[in-house]
There are 4 protein chains.
Amino acid sequence: MTKWRTSLTRIEPNKILVRGYPLDEVMGRLTFGEAIYLLLMGEVPSPAIGSLMEAILVSFIDHGVTPPSTLAARNTATTGASLRACVAAGVLGFGRHHGGDIESGMQFLDAGLELVRKGATYHDAAKEIVDRWHSAREPIPGFGHRFHTRDPRAARLFQMALELEIEGGHIQMIRAVELTMAALPPGRALPINIDGAIAAVCGDIGIPPEIANALFIISRVPGIAAQAAEELAREHPMRPIDPESHVYDGAAERRLPEKRR
Amino acid sequence: MTKWRTSLTRIEPNKILVRGYPLDEVMGRLTFGEAIYLLLMGEVPSPAIGSLMEAILVSFIDHGVTPPSTLAARNTATTGASLRACVAAGVLGFGRHHGGDIESGMQFLDAGLELVRKGATYHDAAKEIVDRWHSAREPIPGFGHRFHTRDPRAARLFQMALELEIEGGHIQMIRAVELTMAALPPGRALPINIDGAIAAVCGDIGIPPEIANALFIISRVPGIAAQAAEELAREHPMRPIDPESHVYDGAAERRLPEKRR
Amino acid sequence: MTKWRTSLTRIEPNKILVRGYPLDEVMGRLTFGEAIYLLLMGEVPSPAIGSLMEAILVSFIDHGVTPPSTLAARNTATTGASLRACVAAGVLGFGRHHGGDIESGMQFLDAGLELVRKGATYHDAAKEIVDRWHSAREPIPGFGHRFHTRDPRAARLFQMALELEIEGGHIQMIRAVELTMAALPPGRALPINIDGAIAAVCGDIGIPPEIANALFIISRVPGIAAQAAEELAREHPMRPIDPESHVYDGAAERRLPEKRR
Amino acid sequence: MTKWRTSLTRIEPNKILVRGYPLDEVMGRLTFGEAIYLLLMGEVPSPAIGSLMEAILVSFIDHGVTPPSTLAARNTATTGASLRACVAAGVLGFGRHHGGDIESGMQFLDAGLELVRKGATYHDAAKEIVDRWHSAREPIPGFGHRFHTRDPRAARLFQMALELEIEGGHIQMIRAVELTMAALPPGRALPINIDGAIAAVCGDIGIPPEIANALFIISRVPGIAAQAAEELAREHPMRPIDPESHVYDGAAERRLPEKRR
């Protein structure tokens, strides 16, 4: 019988090689974010791409108690389930309307770049793909948010991409779509959200859609785990969880020390 | 009706505060590993603790195709399930005999430190707790591995703890247990594994067991996702997956560039 | 290498034997409930035990929108996840405080029967185990409900057990505990719930605790699936789900036709 | 704020109405299979449809140790996870290539019936849809099996539908496709499988695709639970599970007693 093949990690007695690198050498020399990139993409990232990888992973780390995936995890926690059961229930809620937007966002931008390759300007390509999605009665992927009219995470990610000089066609395209969207009548004039920003940045640094999907899952797991752990620690079992009826009682707004990095 | 409370993340229009820090300021200034510590523990880690946090998260990132959790994820992938379903199935396999060892490892070491606080030497305390676990016919948590007789990840983590000067009672205790174990007859003379090393380091930097549990889940999710993505990309659907019958065909053994960090 | 063994189902080309019976012969001759008993216990149930099995499975089939497991499934559904992902999230919420009570209920009753075997009356044994659980600050398993002061399902199950003449020591013991509980001061005087009734009946018909656990999961899956399907069909995506804020708009109260069975 | 609505189950103190019927009255008068139909479809089934419902649910109850969903559950069990975690992992493996075939099978047959309504014969419609699926390089849903060349469950289900006089257009259509398929060259000449038979029967008794999907999940959960329970009871933890390397050691082939039903 022929053997099946794997290219990720080689295990030998007293030796673990991740993509060829001894894991004990990777410890202390690559950050977790860089090691995630190595594992998923096969190579150590350049410093610029490594920095963007960290920023992408940090940007999604938590979004409070109201995302349905977080509520699935908290409802599981209140039954007395284990932390891993809560995390699994939360991950299952990264559905079509939540998180999965990165993949559809990349397909949307790629449709525009296809037109640019055929000679259209970014401006005309943006108008064309927005029309196409509207005609199909599909939401524009990567635009609009339940809470935010200007997503601070998206703005920061674009600023970092600019400073690190990795802006490419995908970011140009989403910028053109942003202008097209801003000219629409109120109600349809939606701002870029973090899913859209990540889709554009992933496109420009060569991360394929299925890996971008994996990044979303990886980035939110700490938030799901922290929320489930808080539910287990602070609340009584079997409580009804109304997502709206909560209040924040944590640390007051504060600034990171200037010298940090 | 009184409102329920959360101390993790505050959401306001166009503002996301994680433990008080604006998330867009955290992006680019904390790594993902540091942000995970911030979210779970409530404060930005010191540089030394931040480095250990990264190393702990990296140490568990993947262990090839044979862990049952990875096989649960691959068996789910072969049915054509979504990546998030595969990850959820994998996370559910971080059970009592796999991963959960960190929590029991911390309880084991704490039992020894309790004796030290009452006047016992580390040497005597180690002998006493090993006897106690053996009498209860329980395995010694944090010792032994299916593949490794000397776990390279454990050695590296202790070396980093030494260099970063955060060694404390838990590491001293597991060292004492290591000597006790080495004196046992063959078959019972097991080496420290990575679960044991992480349990000791987490104990010395003040991470409670339930958060150490969360760290294990978080650290292995990239591996589960990468393995499921590889299954979806390389294999045909509905195949029977024999864990032993595989071969590694990835990058040959290589070294990280010297100047990296 | 020695082969591993299974005693459940034998598969040969064009032949499927469940516990020795050709599955195509079982179809149309055993009900689903009887086939579940056959699969889990290894033999075709007697008519009386078959009827109780159906009643147990029916009794748990759904309990409206407020159980946390149902809310985990609905929160997963609102993200646009697949039905199987919603069911998995719901099943994970059959935790320690929800459903798992059957296993602890059986252990509780067995503790009483142990005393009876040593010569105690049911009355004294019941008082002793209630005291023991209260002293350990544990809730009495199988007693009390968030909504019901007299659980109609428990009453019906005991009536059926009486009519089918399968009452044994476990039902006698829970009846004795019921009297003991009723004599307690208000607040502690809790009624038998359906978990307690099922624990007693399962004990008397020889179903071990781990199989009783399986029965609970099996019985509630239709409810979880129906609730998730309703969420997907009737509600818009990504809605906040307040468990209290719902209204029932289904069929009015009605009676089964008299001649049914 | 307007309240959200549910039409499944009404909960009042000491009263549980499923689709309008008091649950304690349903116990003992409807079987579990009939109650599943009531919950999902809203009405008590006729005796004929009730019998088919039981047969459909029984037909899928287990298929031995080799389905990937079963292997996901067993790999989860070997880590020491809870039974509900194993069941959840198994349910996640009812993916696109496994179980989900019922929904695509119904769409396939409906495409044929659309042509019949426009005047085509069943024979011509069958040839047309087989060509259409082959041209799109899609497998013919409901045909072919890894083990069986003649699926005994499918034959039995059609026989029951005939005896109970509920054959309709969907069964006629799949029969026409069966003839078309049998005339294909070896390798493409696949037999009807149980997914196809269930798709046809569900179509003829008016069960919509999303409910047929729920039926598949419900029907296999007992098998997943039984397999996970056997793994937990018979095997040692953390074992590598080779799906091919097993042997059946259960009851020998036997017949149901004649008088049963």
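Lettering of chains follows the sequences in order, A, B, ..., and the numbering in each one begins at 1.
- With a 4.5 Å cut-off on non-hydrogen atoms, D/Ala252 touches chain C through its backbone but not through its side chain.
- For C/Leu92 against D/Ala88, the heavy-atom pair with the smallest separation is CD2-CB, 3.6 Å.
- Between chain C and the residues D/Met53, D/Gln227, D/Gln159, the largest count of heavy-atom pairs under 4.5 Å involves D/Gln227.
- Contacts of D/Arg150 with chain C are made by both backbone and side-chain atoms, with heavy-atom separations under 4.5 Å.
- Residues D/Asn14 and C/Thr149 approach most closely at OD1-N, 2.7 Å, considering heavy atoms.
- Taking the six-membered ring for Trp and thresholds of 30 and 60 degrees, C/Phe32 and D/Phe32 have nearly parallel ring planes, at less than 30 degrees apart.
- With a 4.5 angstrom heavy-atom cutoff, D/Arg74 touches chain C only via side-chain atoms.
- D/Phe147 is not listed as a side-chain neighbour of C/Lys15, based on a closest heavy-atom distance of 4.5 Å or more.
- Of the listed residues (D/Gly223, D/Ala225, D/Ala35), the greatest number of heavy-atom pairs within a distance under 4.5 Å of chain C belongs to D/Ala35.
- Counting only distance, with no hydrogens or angles, the side chain of D/Trp4 and the backbone of C/Glu235 share no donor-acceptor pair below 3.5 Å.
- Between the side chains of C/Thr6 and D/Asp249, no donor-acceptor pair of N or O atoms lies under 3.5 Å.
- In this structure, the side chain of C/Arg10 does not engage the main chain of D/Gly250 through any donor-acceptor pair within 3.5 Å.
- Among the residues in residues 61-73 of chain C, those with a non-hydrogen atom closer than 4.5 angstrom to a non-hydrogen atom of chain D are C/Ile61, C/Asp62, C/His63, C/Gly64, C/Val65.
- No side-chain heavy atom of C/Pro152 sits less than 4.5 Å from a side-chain heavy atom of D/Glu25.
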**Worked verdict on C/His148 versus D/Ile11 for side-chain contact (heavy atoms from CB on, under 4.5 Å)** = CA-CA 9 Å; C/His148 308 303; D/Ile11 306 291; 4.1 Å; yes
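- Between D/Arg254 and C/Leu17 the shortest side-chain heavy-atom distance does not fall below 4.5 Å.
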**Request:** Any chance you could lay out the side-chain contact (heavy atoms from CB on, under 4.5 Å) test for C/Arg5 and D/Tyr248, step after step, and finish with the verdict?
**Result:** CA-CA 6 Å; C/Arg5 295 165 301 156; D/Tyr248 173 80; over 6 Å; no
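- Between C/Leu157 and D/Met27, some side-chain heavy-atom pair lies under the 4.5 Å cut-off.
- Minimum heavy-atom separation, D/Ser59 to C/Leu23: O-CD2, 3.4 Å.
- Although no hydrogens or angles enter the test, the distance criterion places no donor-acceptor pair under 3.5 Å between the side chain of D/Asp24 and the main chain of C/Arg156.
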